[in-house]
**Student:** 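Have a look at this one.
Only a predicted model underlies this, so the values are computations on that prediction, with no experimental measurement involved.
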Number of protein chains: 2
Amino acid sequence: MTDRIAIDDRQIVDRRRKRHDAKRATIVAEAWELARRDGLAAISLRQLADRVDLRQPSLYAYFDSKLALYDAMFADGNRQLLEVIAQIPPGADPRASLVAFLETALRFSTEDVVRHQLLFQRTIPGFEPSAESYALAGEVLAAGRRRLEAVGVTDPEEVDLFTALTSGLAHQQVANDPGGDRWVRQARRAIEMFLADVDRRTRRGRAQR
Amino acid sequence: MTDRIAIDDRQIVDRRRKRHDAKRATIVAEAWELARRDGLAAISLRQLADRVDLRQPSLYAYFDSKLALYDAMFADGNRQLLEVIAQIPPGADPRASLVAFLETALRFSTEDVVRHQLLFQRTIPGFEPSAESYALAGEVLAAGRRRLEAVGVTDPEEVDLFTALTSGLAHQQVANDPGGDRWVRQARRAIEMFLADVDRRTRRGRAQR
DNA sequence: GTCTATACATCGATAGAC
DNA sequence: GTCTATCGATGTATAGAC
């Protein structure tokens, strides 16, 4: 009999938790909406509460502070990116799929400027991702490294150069041609340029041996 | 006699204006200080007023709004960059001086993260540089273009690729290794990579003719 | 969990006296 | 130009009813 009750309790707890998580997700979604409208740093907790049919103090049932909300958004954004990345097939031609990977990443950034700001720029005073959220960002980086490995790039310095190229294209696109493709369309050339440089150096390295 | 008075008036107005401009400059300097300490978006006008021995409302004699203060900082930062750039000699070897140019720009960014944020990232909600301030940013870009011209790069797409490379190195340096040189030391390689790509394509272009 | 009610410190901004 | 006084709004937080 006590077992029966225990099972019921667990089911109730699970259902409650599901409701809680669902509500948390809609709050985060509305926070993105507000951020896109007013700017990332201009999110108001009172306005946010209004949009999810809560009173402002009730938000504290879901987030300990405004920074905790930013952390949830940071995690959410990284999960979105991971999902998008997972859909790019590694493919038979690793160079072509690296181009596709880069173009996808660039489009992801230009699609949502404030998301790009939160994920890739340290712009909110006092905000530092939690360990859990930071781990998601690490997964994104690891996925990129795997793509580079597929074309034979493993040297840390070359990985750094590639990340600089990627973030530079994204940044210029977002800052100077939001919604356009002025830098996105340079993705293919950028990759060719990068890989040609890698080839040139490995060849030279071999010649010296 | 009226002439004499008019001249005196002008002198008084000039002196007043000079005092005003000097005070404005110290306010901007203190604002940078605060931004470095608390973050760019976390500047408080009351704390700023305290630091320059004024009451908070008196700041409005110098700036119409907080955004106007950011605008003055934006202009100031660009003037600083122009000054630094002007000190890099074009030199006999245009490639070497392009490397020096890039390294200087990168050091400028890493030297002061919040300055880099204000100048190159759209991060303050509602802030848009005024026409005058934006013109200074244009001068910086023009200076960069002249350096590229010196090594034979004039194609707008190639200029775009170069700006992406520059901002990417700066961004990665600032975001992931502030104070270090992990990306700064890739400046030379990045330039070689870029120019090799430009060469490769112009040669290919000639061959097709 | 959600509410009402309330508190507090801080913020950017304005009015008006001097 | 500088001040005092004040405004409305914000983030943050808590108490206590339901």
**Student:** Within a reach of under 6.0 Å around CZ of R36(B), are more than 12 heavy atoms found that belong to other residues, nucleotides or ligands?
**Tutor:**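 Enclosed: over 12 neighbouring heavy atoms sit under 6.0 Å from CZ of R36(B).
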**Student:** Hey, could you give me the CG/CD1 distance between L69(B) and I43(B), rounded to the nearest 0.5 Å?
**Tutor:**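 Here the rounded value is 5.5 Å.
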**Student:** Look at the rings of Y62(A) and H20(A) and say which category their plane angle falls in: under 30° parallel, 30 to 60° tilted, over 60° perpendicular.
**Tutor:**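 Parallel, since the angle between the ring planes stays under 30°.
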**Student:** Quick one: CD on E103(B) to OG on S97(B), what's the gap to the nearest 0.5 Å?
**Tutor:**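 Spacing of CD (E103(B)) from OG (S97(B)) equals 11.5 Å.
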**Student:** So with a 6.0 Å cut-off around CG of D64(B), is the heavy-atom count from everything else above 12?
**Tutor:**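 At most 12 heavy atoms, drawn from other residues, nucleotides or ligands, come within 6.0 Å of this atom.
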**Student:** If you look at every heavy atom in D160(B) and W183(A), which pair is closest and at what distance?
**Tutor:**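 Heavy-atom minimum between the residues: O-NE1, 2.9 Å.
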**Student:** Counting only heavy atoms not in R51(A), do more than 12 fall under 6.0 Å of its CZ?
**Tutor:**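 Enclosed: over 12 neighbouring heavy atoms sit under 6.0 Å from CZ of R51(A).
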**Student:** Quick test of your reading of the model: are R79(A) and E139(A) salt-bridged, counting only N-O distances below 4.0 Å?
**Tutor:**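 So R79(A) does not pair with E139(A) through a salt bridge.
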**Student:** Using five pairs at either end of the helix from dG1(C)-dC18(D) to dC18(C)-dG1(D), determine the angle between the two local helix axes and round it to 10 degrees.
**Tutor:**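 That helix gives 0° between its end axes.
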**Student:** List the protein contact pattern of nucleotides 4-14 of chain D with one symbol per nucleotide (5' to 3'): B for base contact, S for sugar-phosphate-only contact, - for none; contact means a heavy-atom distance under 4.0 Å.
**Tutor:** BB----BBBBB
**Student:** Using a strict 4.0 Å threshold on nitrogen-to-oxygen distance, state whether R46(A) and D50(A) make a salt bridge.
**Tutor:**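 Between D50(A) and R46(A) there is no salt bridge, as every charged N stays at least 4.0 Å from the carboxylate O atoms.
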**Student:** Tell me what Y62(A) touches on the nucleic acid: a base, only sugar-phosphate, or nothing, going by heavy atoms under 4.0 Å.
**Tutor:**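 Sugar-phosphate: the residue Y62(A), judged by heavy atoms under 4.0 Å, touches backbone atoms but no base.
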**Student:** Could you tell me the boundaries of the chain A footprint on DNA chain C, defined by atoms under 4.0 Å from its heavy atoms?
**Tutor:**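 So the contact region on DNA chain C extends dG1(C) to dA7(C).
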**Student:** Flag this pair as yes if the NZ/CZ of R115(A) is under 6.0 angstrom from the six-membered ring centre of F108(A) and inside a 45 degree cone about the axis; otherwise no.
**Tutor:**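 Cation-pi check for R115(A) and F108(A): passes.
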